[in-house]
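Computed from a predicted model, the values in this text were never measured in an experiment. In the text below, chain A, chain B and the rest are named by the order of the sequence lines, each starting its count at 1.
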Amino acid sequence: MNNLSRLDLNLLLTLDALLTEQNVTRAAARLHLSQPSVSVQLAKLREALGDPLLLPGPRGMRPTARAEALREPLRQALQALDNAIASPLPFEPAQAHITWRIAASDYSEHSVLLPALAELRHAAPHCRLALMEVPSTRLGAAMEHDKLDLAIFTRSGAPLDLRSRLLFKENYRLVCRRDHPELQQSPDLAQFCQLEHVIVSPDGGGFVGSTDEALAALGLTRKVVMSVPHFSFVSAVLSRTNMVALLPERLVRDDPALKILDAPIEITGFDKVMLWPERVHRDPAHQWLRELIARAVAAE
DNA sequence: AGTGGGGTCAAGAGGATGTA
DNA sequence: TACATCCTCTTGACCCCACT
């Protein structure tokens, strides 16, 4: 690129027009410039390339051997540049080969990605999904360093500088196994506090959640006996024990082994959102994926 | 406000062409 | 062949605009 750094690249457009027209006046008309202006540009090209490039001839100019040798490579290079900066072609999922990298918890996989999966495989059979768990603290950096294209996350705690779209508002429900001996109906507060609870703590080891804060405000505590990092394991735990859990409704509503009850205390739900960096905001392939996911979730 | 780059306009130079 | 005319390119003067 050392040769190019000395050259105003606009001059290459002038050279292309000059080689096409072999006439400064007509090249100027083609470039929507005055003839003297193109004449000056030709002088700069001669200086930069160390060759007269075009010599006076009958009814215009004749290219030198150097100019003739430049004609085709220049044409191809300008065409390639033109293609590179042209508006992106519309995304064609049926032909595309692309890997989308998505951060999602197991709950997000179940509630957001699973509903979209069948249509995604059908519409884009050559594309791949790479799902990964990324903690919220590393989300922004992963997006910025081109390691992640999309995240399915809660709005609270999400980096503010990412683009976002609300997918749905989720509520917590009290969940136990279908034949739980003590819970034929929703418990009152006293019974709720006596039950053995399992909670999800993505960072591991946590035994206190927003439910405990709400109970504390009433001067109450509950019995949290287990904390697990993943939502999916909670379902297995509930179906084999007498433990209960407050879980996102979409995670458990189709599980025949579980019973869903109203909790005796108001627990604030959360907004489930898609997050993505500015880098892929206008990219047709990523726009298509986000639209497909949003549509699939809305149809649930 | 000064500076530099890039534009236009006007004038001039030089080669090609037409005609006597 | 000589000369007039035309066409095209180059150059200088000046203007505008962006940048410092």
Inset, instruction - Please work out whether the ring planes of H97(A) and H126(A) are parallel, tilted or perpendicular, with thresholds of 30° and 60°. - result: parallel
Inset, instruction - Look at all strands and tell whether S39(A) reaches a base, only sugar-phosphate, or nothing, counting heavy atoms closer than 4.0 Å. - result: base
Inset, instruction - Establish, with yes or no, whether the OP1 or OP2 oxygen of dG6(B) is under 4.0 angstrom from a side-chain nitrogen or oxygen of K44(A). - result: yes
Using a cutoff of under 3.5 Å, can you pull out all pairs of nitrogen or oxygen atoms linking the protein to nucleotides 8-10 of chain B, with atom names and distances?
residue: dT8(B); atom: OP1; partner: S34(A); partner atom: N; Å: 3.2
residue: dT8(B); atom: OP2; partner: S34(A); partner atom: N; Å: 2.9
residue: dT8(B); atom: OP2; partner: S34(A); partner atom: OG; Å: 2.3

Inset, instruction - Give a yes/no answer on whether the side chain of R26(A) brings an N or O atom under 4.0 Å of OP1 or OP2 in dC7(C). - result: no
Legend entry - Atom pair distance, as rounded to whole Å: CG in L13(A) and C1' in dG7(B): 17 Å
Legend entry - E68(A) side chain vs L53(A) backbone, donor-acceptor pair below 3.5 Å: no
Inset, instruction - Starting from P on dC9(C), measure out to CD on Q41(A) and report it in whole angstrom. - result: 14 Å
Legend entry - Row check, F168(A) ring normal vs R250(A) NZ/CZ: under 6.0 Å, within 45°: yes
Inset, instruction - Output, in order, the C-alpha distance, side-chain angles, deciding distance and verdict of side chain to side chain donor-acceptor pair (under 3.5 Å) for K272(A) and S111(A). - result: CA-CA 10 Å; K272(A) 185 56 88 176; S111(A) 63; 5.7 Å; no
Inset, instruction - Look at D146(A) together with R101(A) and state whether they make a salt bridge at an N to O cut-off of under 4.0 Å. - result: yes
Inset, instruction - Round to the nearest Å and state the distance from N23(A) atom CG to dG15(B) atom C1'. - result: 14 Å
Legend entry - Within 45° cone of W276(A) ring axis and under 6.0 Å: R290(A) NZ or CZ: yes
Inset, instruction - Round to a whole Å and report the spacing from CD of E21(A) to C1' of dT8(C). - result: 14 Å
Inset, instruction - For L18(A) and dC9(C), give me the distance from atom CG to atom P, rounded to whole Å. - result: 9 Å
